[in-house]
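Below is one structure; the comments refer to it alone.
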Amino acid sequence: MALQSETLTSEELAVITGGTRRKDQVDWLKSNHWIYHTTRAGVPVVGRLYARLKLSGINPGKLAGSGGWDMDLEKVR
């Protein structure tokens, strides 16, 4: 079994945004406050982990500044 890419495929992005045209996808991503990047060709790129968090109702931006991901090594010998 092949590993999934770290970014969504064009088909997955079309399912989420409801559109296949780049402009429609970018418009949806902007209006729904998703963070994305574009290639030189203007193709929107969305990270897989980011998409999973957004679709599950978690705000990824709040996780980054929370400090909740620090490892507690105090009890490790």
**OP:** Working to the nearest 0.5 Å, report the span between CH2 of Trp34 and CG of Leu55.
**Re:** 4.0 Å
Original post:
For the side chain of Arg22 and the backbone of Ala41, is there at least one donor-acceptor N/O pair under 3.5 Å apart?
Top reply: yes
Original post:
Taking the side chain as C-beta and beyond, is there a heavy-atom pair between Val46 and Leu29 under 4.5 Å?
Top reply: yes
Original post:
Are Leu8 and Ile16 close enough that some pair of their side-chain heavy atoms sits under 4.5 Å apart?
Top reply: yes
**OP:** For Pro60 and Leu53, work out which heavy atoms get closest and say how close.
**Re:** CG-CB, 3.8 Å
**OP:** Might you work through the side chain to side chain contact (heavy atoms under 4.5 Å, CB included) test for Thr39 and Val45, ending with a clear yes or no?
**Re:** CA-CA 7 Å; Thr39 66; Val45 178; 3.7 Å; yes
**OP:** Without swapping roles, check the side chain of Tyr50 against the backbone of Ile35 for a donor-acceptor pair under 3.5 Å.
**Re:** yes
**OP:** Work out which heavy atom in Asn32 is nearest to a heavy atom in Lys54; give both atom names and the distance.
**Re:** O-NZ, 3.8 Å
**OP:** Answer yes or no: is there a donor N or O on one side and an acceptor on the other, between the side chain of Arg48 and the main chain of Ser5, under 3.5 Å?
**Re:** yes
Original post:
Would you say the side-chain atoms of Gln25 pair up with the backbone N or O of Thr17, donor to acceptor, closer than 3.5 Å?
Top reply: no
Subject >> Minimum heavy-atom distance between Tyr36 and Lys30, given as atom pair plus value >> reply: OH-CE, 3.0 Å
Original post:
Taking atom OG1 of Thr7 and atom CG of Leu49, what is their separation to the nearest 0.5 Å?
Top reply: 12.5 Å
Original post:
In Å, rounded to the nearest 0.5 Å, how long is the span from CH2 of Trp28 to CG of Leu13?
Top reply: 8.5 Å
